[in-house]
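Beneath this line is the structure, given in structure tokens, with notes to follow.
These values consider heavy atoms only, across backbone and side chains, with no hydrogens, waters or symmetry-generated copies.
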Amino acid sequence: MRTSAKYFYVFVMTLAYFSLATAHEQAGKEAPPDGAGLYQQRCAVCHDNPQDRTPPKSILARRLPEEIIAALTTGSMKTQAAGLKESEIRALAVYLTGKQPGGVIDPSELPNRCQAPGGAINLKAPHWNGWGNDYDNTRYQPNPGLKPEDAPRLKVKWAFAYPSTQAMGQPTIIGNRLYVTTNSGQVICLNAQTGCAYWAINVGATVRTAITVGPLPAGSKAKFAAYFGDVRAYVYAVDAETGKELWRMKADDHPVARITGSPVLHRNRLYVPVSSIEEAVGRNDKYECCTFRGSMLALDAFTGKLIWKSYSIPDEPKPHRKNAAGTQLYGPAGAAIWSSPTLDLKRGVLYAGTGNSYTDAPTGGPDAIIAFDLETGKIRWVNQVLPKDNFIMNCREPGVGNCPKDAGPDFDFGSSPILRKLPNGKEALLAGQKSGILFALDPDNQGKKLWENKLGGGTALGGIEWGFTADATTAYVPVADPFGQPDQRKPGLSAVKIATGEKLWHTPAPPAKCAWGTQRCTNAQSAAATLIPGVVFSGTADGHLRAYAASDGKIIWDFDTAAEPYNAVNGKQAKGGTIDAGGVTIANGMLYINSGYGVIIGMPGNALLAFSVDGK
């Protein structure tokens, strides 16, 4: 062989060797995960054609990749993500949001630290403590530091930007302290007047409950505790002055259990409602649906020790039937408790509203008002107003897969009951349902119905969704009705006479302008309402916060929280959006609201807004 030919032969063989080696090396490596393909396999069937409470793909696209990752790993979509590798979950998040995860800012690095300590906590100072501001859950502030004529002069005094794209909780006010929670797992204590931060912690999962603050025994290292729950069903007590954790406990071991209703403190007991998102994960025909039951817990407020736990469905789930895929299905299940309980100290009970059933197995717990004994947890009575409301999300054909054969409309009791005294000295328990019906029940007669009034058309997204408010004579009820036939939709605010159920007035929600480019923009009025003497405050899904004259429903103030961004006190930009779930809280002449719920309909956002008269 000539030398040149030999060298050419060696060159070719060497090139072939390295090419083969490279091919083997590449074959040994996994191809990058295909986010678009994973979305089509795992998510598209629900999010491309959303029904019920499923957010559309366009809403997911507005979120941070960290929020998508959290939903797939510890949140509502972790069952759908079962079996996915970390790299695949990340790829899904990047595909949906168009952003690379960069890490949510650690709340301990908040730039707007208060320069002086907050001083001693005083529970007798002006406050809004917990969800309803009293054991009756009236959402009424009798001493707001505001007069009715002040409402039209309210202006933003300061804004705070949450480190996520959603604002879900409800602020708690204790004197000069404001406690807030975030979708990305932070709990933050701010100065109520200026918005500077006293402390901030991260518990690693969404916290959407309002915080309840209460005293600790003499001799404890901490003087006051702040109580809350997260979407992994953990309950926490932290030092209200520093944020240091005092204890935590797992309220329920079911993999999709969560806490959305705010805990209520009475003396040394903390009462905690437990809900779930099993109706969201239950559609997968490989999932053994369903085994979750709603419950109420009583905990030792000082230690977190369980005193009692009582299920809203007393019977344990049992094998019910098999679906076409051969998956074993169970029941009864459901009756999640989404809202904060109402305490009746006179009768020694607490009242809770429950959500729908998840299966066809018959049970009396869902879509009911339940009275639990405060001391023992024993169920005193149950009034189920709608039997057979069997529902899981995105079921397009009854009986197919895990879908109940006898499907219901998903008419939960999502708002807290309100206990009120009648002119004749008796009392009535008011309960609002997603059907759009407001009920009055007799607490002295096993919850027997006194009257009912249908205020809206009702849908799976409300009807009466998150909360209404009441004074001594009148209930003020926001109605969502985001979808449905035009002649049945009645989004707006209604006033109802408590003694008789008579509707006194109804103010329709002004039409949504839908300037944010989403077909799901709506004027649904589903956020909890708040009352001060003479004025009702209520927000809508298009971002408007309004004040209504309690006498006749006239709108006396209208503020668009989503009109433009705010330069926030923590050095970021706060953007408003949908107002939903938690409502306005008021104390000491200040009004606070979260703007940017946007979980299912409307607009995500990250704004906490503080209003005062003339912004001073």
Between Y358 and F391, is there a side-chain heavy-atom distance shorter than 4.5 Å? no
Is it true that a side-chain atom of W308 and a backbone atom of L374 form a donor plus acceptor pair closer than 3.5 Å? yes
Answer with yes or no after comparing the ring centroid distance for H266 and Y135 against a 6.0 Å cut-off, counting only values under it. yes
d(Y476 OH, T138 OG1) to nearest 0.5 Å is 12.0 Å
Side chains of L146 and I586, heavy atoms from C-beta outward: is any pair under 4.5 Å? yes
Looking just at side-chain N and O atoms, do D389 and S357 make a donor-acceptor pair shorter than 3.5 Å? no
Consider only side-chain N and O atoms of D580 and W466, and report whether a donor and an acceptor are under 3.5 Å apart. yes
Is the NZ atom of K454 crowded by more than 12 outside heavy atoms at less than 6.0 Å? yes
State whether R258 and D230 are salt-bridged, where the test is any N-O pair (Lys NZ or Arg NE/NH1/NH2 against Asp/Glu carboxylate O) under 4.0 Å. no
Salt-bridge test for E375 and R269: reply yes if a basic N is under 4.0 Å from a carboxylate O, no otherwise. yes
Is it the case that R208 and Y597 place a side-chain donor and acceptor less than 3.5 Å from each other? yes
Distance col, row Y162:OH vs T181:OG1, nearest 0.5 angstrom, shows 6.5 Å
Cation-aromatic face contact R248/Y236, 6.0 Å, 45 degrees: no
Side chain to side chain donor-acceptor pair (under 3.5 Å) with R347: which residues, sequence neighbours excluded? D344, E427, D444
Student check: side-chain heavy atoms of D412 and T354 closer than 4.5 Å: no
From the list N133, T469, T530, D134, side-chain hydrogen bond (donor to acceptor under 3.5 Å, both in side chains) partner of R139 resolves to T530
Can you confirm if the aromatic rings of F611 and W557 lie within a centre distance of less than 6.0 Å? yes
Just checking, K434 and F411: is the charged tip under 6.0 Å from the six-membered ring centre and within 45° of the axis? no
So, S340 and Y271: side-chain donor and acceptor under 3.5 Å apart, yes or no? no
Strictly by modelled atom types, are Q170 and T585 linked by a side-chain donor-acceptor pair under 3.5 Å? no
Check whether any side-chain heavy atom of Y548 lies under 4.5 Å from a side-chain heavy atom of T507, and answer yes or no. yes
Quick one: does any side-chain atom of N594 pair with a main-chain N or O of G169 as donor and acceptor, under 3.5 Å? yes
Is the closest side-chain heavy-atom distance between W158 and M590 below 4.5 Å? yes
Taking the side chain as everything from C-beta on, heavy atoms only, tell me whether L441 gets closer than 4.5 Å to K448. no
With heavy-atom distances below 4.5 Å as the criterion, would you say the side chains of F224 and L216 are in contact? no
Indicate yes or no: at least one non-hydrogen side-chain atom of L493 is less than 4.5 angstrom from one of V479. no
Looking at F372, I'd like to know if the NZ or CZ of R380 sits under 6.0 Å from its six-membered ring centre while staying within 45 degrees of the ring's axis. no
Using distance alone, with no hydrogens and no angle criterion, decide if N356 and E279 have a side-chain donor and acceptor under 3.5 Å apart. yes
Give a yes-or-no answer on whether the side chains of S275 and T260 include a donor-acceptor pair shorter than 3.5 Å. yes
Is it true that T561 and S595 share a donor-acceptor pair across their side chains at a distance under 3.5 Å? yes
Is it true that D252 and K309 have a side-chain N and a carboxylate O under 4.0 angstrom from each other? yes
